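Remember, predicted model here, so these are calculated numbers, not experimental data. First the proteins, then the strands, lettered A, B, ... as listed; each starts at 1.
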Amino acid sequence: MSDRKLQAPRGTFDVLPEDGQRRRELYRRAGSVLGRYGYRPFETPVFEDTELFARGVGESTDIVRKEMFTFEDRGGRSLTLRPEGTAGVARAYVEHGMHKLPQPVKLWYWGPFFRHERAQAGRYRQFAQVGVEALGSDDPSLDAEAVLLLAELLEAAGVHEIRLRLSSLGSPDARAAYLDGLRRYLRDHEGELSDDVRGRIDANPLRAFDADHEGTRAVMANAPRLLDSLTGDDAEHFAEVCALLNDAGVSYDVDATLVRGLDYYTRTTWEFIGPLDGANSTISGGGRYDGLIEEIGGPPTPGVGFGAGIERLLLALEDAGVTAEPSAPDVFIAVEPDAPRELALGWLKELRAAGVAADTDYAGRSLKGQLTQAGRSGAHTIVIVRSSEAVVRRQGAQDEPLAHADVLGTLL
RNA sequence: GCGGACGUAGCUCAGCUGGUAGAGCUCUCGGUUGUGGUCCGAGCGGUCGCGGGUUCGAGUCCCGUCGUUCGCCCCA
């Protein structure tokens, strides 16, 4: 036996009741918006075949290379706690032959995800995400709709000061060609770049656009831009998305430097930035992934979707002042020491069955202690059981003495 | 993987230049109150993260270690 104190594993957290209520309220609001947009609830397993993520998310991504919780089951199969939501939904789409359903198939999910990273504000090893996937259509109006939906969802949640960054990655081939060109350009100017940018030329050249470093900024001012390299169809698709968002009155910044760290993204990508400063101000990111389904063994199928971090949303909400209403019982029953407690327990059962939230003392408190509890609980009605009668006290009203037999009748 | 800060009661923290622990809140009880949210009092509650070292003596200094947290990278 060790003396080590047991505690929640690093990067995880307990949802205490108060926060639990805020989450449930957020869930309720999100579900309402999602339903109106025609998305249906969907769930996939929390762990999947490791290969799904290796192929879907991409071998070269940070997520797959160093952030997955991977383990072997007793049969020697390699399984991985899902680090994101899209791959699992895509797998299910293929597995259940959902390409035979009317397209697009619009699904939403809410649940836990896992990434082995260093935790910091708004970033955890187990975190929750709400997301949608619309599979089976490459119609740009679906992209625009997803952005619109996300904007409305954030609005409904109570996050108001948000900024939308929008870009297009084009087709995978075009993107790869562009990145090669960008790398060449950066290497030609290596001497003028900051150390960290230079070190990331191979891994993540797009980050160079975000640098504060003066020399780097000067170099990047003339660097080739991804959006300029879009081919005809991709350019047209993106223009259509932008036009639709304009029509819908959504304001956004077209930002060619937007990076999404998952390999499956193609064409439209976007990111919602919350009101908080810092690296984790990205509340939600999403985009199109027209090659993913094929990559994991399905028929060529386009798709678009997003994920939004619940903890980051809630962080943003702290500023916006959204709180959950405390849950107070309707009735609290206090029992005098010499009175029959069975009576109270029986009433509780009846009241609860009738849909009334009712509670009593379970700690053997004195009557004073019980009434203190009753007051704290916020109950509108307090019943004091005495041996010969009961007193019903309603907020702001005079005490009402009653025979035991009449108590339930007046409460229900 | 890399930096910074911090680790004293359930919570928030105080403990000055080292002398073997305090406050407020919470909780329980008693008094007061029109049998409850006020006020007063009492009580419960801590191997000062852990392990070494210096010292007559360490929560207080040094080293290590574990943990938490913030940031970088990356991402939701």
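- For R207(A), the listed nucleotide lying nearest its side chain is rC74(B); candidates were rG67(B), rC27(B), rC74(B).
- For the C1' atoms, the distance from rG53(B) to rG18(B) is 15 Å, rounded to whole Å.
- Residues Y39(A) and L149(A) form a side-chain contact, since some pair of their non-hydrogen atoms from C-beta on lies under 4.5 Å apart.
- Among the duplex regions that RNA chain B forms, those built from at least three successive Watson-Crick or G-U pairs under 3.5 Å are B:1-7 with B:66-72, B:10-13 with B:22-25, B:27-31 with B:39-43, B:49-53 with B:61-65, ordered by first number.
- The same atom, P, is picked in rA5(B) and in rC63(B); the two are 13 Å apart, to the nearest Å.
- For the P atoms, the distance linking rC56(B) with rG51(B) amounts to 23 Å, nearest Å.
- Here the separation of rG45(B) from rG22(B), taken at their C1' atoms, is 13 Å to the nearest Å.
- Among the atoms of the strands shown, base atoms are found under 4.0 Å from some heavy atom of R115(A).
- rG46(B) and rC62(B) have their P atoms separated by 29 Å, given to the nearest Å.
- If you measure from atom CD of Q370(A) to atom P of rC27(B), you get 15 Å, rounded to the nearest angstrom.
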Nucleic acid footprint by protein, nucleotides 31-37 of chain B - heavy-atom cut-off 4.0 Å, B for base, S for sugar-phosphate alone: BB--BBB
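- Comparing the same atom, P, in rU17(B) and in rG71(B) gives a spacing of 31 Å after rounding to whole Å.
- The phosphate of rG30(B) (OP1 or OP2) has a side-chain N or O of S366(A) nearer than 4.0 angstrom.
- Side-chain nitrogen and oxygen atoms of Q120(A) include none within less than 4.0 Å of the OP1 or OP2 phosphate oxygen of rC70(B).
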Under 3.5 Å donor-acceptor pairs involving side-chain atoms of residues 304-311 of chain A, not counting sequence neighbours:
residue: E311(A); atom: OE1; partner: A128(A); partner atom: N; Å: 3.1
residue: E311(A); atom: OE2; partner: R23(A); partner atom: NH2; Å: 2.5
residue: E311(A); atom: OE2; partner: A128(A); partner atom: N; Å: 3.2

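- Ring geometry, H116(A) versus F69(A): the interplanar angle falls from 30° to 60°, so the pair is classed tilted.
- The side chain of R123(A) lies closest to rC73(B) when the candidates are rC70(B), rC75(B), rC73(B).
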